Amino acid sequence: MRHLARVVVAALSLTGCRPASVWHGLSPDHRTSFEVSSSGGRSCVAAESRSRGCYDGVAIHQIEFSTDSRHLAYPVQDGSRWFVVRDGIRGPAVDGVGELVFSPNGRRLAYSALLDGAWHVVVEDRFIGPFESLLAGSLVFDLSADRLAFVSWEAGRAVPVVDGVRGRAHDAVASIAFSPDGRRVSWVARDEDRMYLVLDGVPGTPHDVVTEVRFSPIGGEVAYIARDANAWWIVHAGERSGPYAGARDLAFHPVTGTPIFTELLAAGERVVIGGVAGSPFSSIDPPALGSTAEQWGYVARDSLQSTVVIAGETVG
């Protein structure tokens, strides 16, 4: 895992593509088209049929739109230097570019960049770093775009970085995330053969495995699935329920904030909400959640039929 973190980021930063003719793409809402074409040994970018400039190279596999499709960013190469172009405006010169991430609301862009042999995270042309390397796929904003977190790699250890501040080093760090209101941050850490949830910098109970960490939409509470020996548990607000033979698809009730999950039985599955188990079925799709007490449900299957369950009641 340590070696992979370095190789993946380095490979991304060196992927400058020079298309043989024309490469087309669409924004997430399919309303904005863009293309990268070759012209006189230069790679030219156009969006909405308007030219955005020509460069020595364009990393076409790193072209990123914001979720709302209103903003566009991509790395380009001119000479020996790389730049990130956002909405037609070129950022600072660097030696290589890794992943690009827009905030959920599209307001801010962050990306990893190599400069003078060290890695940095660049936000609005401000450099955070330097770091020995960065863990690919770890850049994450909170919903408001005011906060940013990622994982760096230093002296053989994974180090979470939140709002530019380095945290405690671990053997490995994964699943870094903010609560919906942005006030809390969590990640899963591993030291030696034990895993645990770290919430706001405070480590929790060690387990053999920690997975599916979820923040509640109400009050910023957190829940996750843990395994100890051969038993699985649901841990919510520091209290655990179980044991279970297996568990998956952890979520929260949209109104009450009660954990919902699928319990794996010796033969079949069933949905559990607030400690109350539903009917068993051969298999169950992940629950779908709405915004009211009645707007949650799932599709369950037996050998001969499918059943729709809404708010705990069978409807078909």
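What you are looking at is a predicted structure, and each value in this text was computed from that prediction instead of being measured.
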Original post:
How does the hydrophobic cluster around Leu26 look, that is, which other residues are in it when side-chain heavy atoms under 4.5 Å mark a link?
Top reply: none
**OP:** Quick one: name the residues clustered hydrophobically with Val188, using the 4.5 Å side-chain heavy-atom rule over I, L, V, M, F, W, Y, and just say none if it's on its own.
**Re:** Met195, Leu197, Leu199, Val210, Val213, Phe215, Val222, Tyr224, Val235
**OP:** For the residue pair His170 and Tyr196, confirm or rule out a side-chain donor-acceptor distance under 3.5 Å.
**Re:** yes
Using atom types as modelled and distance alone, determine if a side-chain donor or acceptor of [X] lies under 3.5 Å from a backbone N or O of [Y].
| X | Y | value |
| --- | --- | --- |
| Asp163 | Arg147 | no |
| Arg42 | Gly57 | no |
| Glu154 | Gly156 | no |

Subject >> Qualifying disulfide (SG to SG under 2.5 Å) pairs with a residue from residues 182-244, counting only residues at least two apart or across chains >> reply: none
**OP:** Enumerate the residue pairs fulfilling disulfide (SG to SG under 2.5 Å) with a member in residues 53-128, sequence neighbours excluded, ordered by first and then second residue.
**Re:** Cys44-Cys54
Subject >> Set of residues satisfying salt bridge (Lys or Arg N to Asp or Glu O under 4.0 Å) with respect to Asp191, sequence neighbours excluded >> reply: Arg157, Arg168
Original post:
For Tyr244, which residues count as a ring pair (Phe, Tyr, Trp, His ring centres under 6.0 Å) partner, sequence neighbours excluded?
Top reply: Phe261
Original post:
What about Phe141 and Phe178, are their ring centers closer than 6.0 Å?
Top reply: no
**OP:** Assert yes or no for the condition that the ring centre distance of His120 to Tyr111 is strictly below 6.0 Å.
**Re:** no
**OP:** Kindly indicate, with the supporting measurements, whether the criterion salt bridge (Lys or Arg N to Asp or Glu O under 4.0 Å) is fulfilled by Glu192 and Arg194.
**Re:** CA-CA 6 Å; Glu192 297 182 347; Arg194 302 292 277 168; over 6 Å; no
Original post:
Under the salt bridge (Lys or Arg N to Asp or Glu O under 4.0 Å) criterion, do Arg248 and Glu269 qualify, and how do the steps go?
Top reply: CA-CA 10 Å; Arg248 60 173 174 81; Glu269 304 174 345; 2.5 Å; yes
**OP:** Could you tell me whether Arg183 and Asp200 have a side-chain N and a carboxylate O separated by less than 4.0 Å?
**Re:** no
Subject >> Pairing of Asp125 and Arg90 as salt bridge, 4.0 angstrom limit >> reply: no
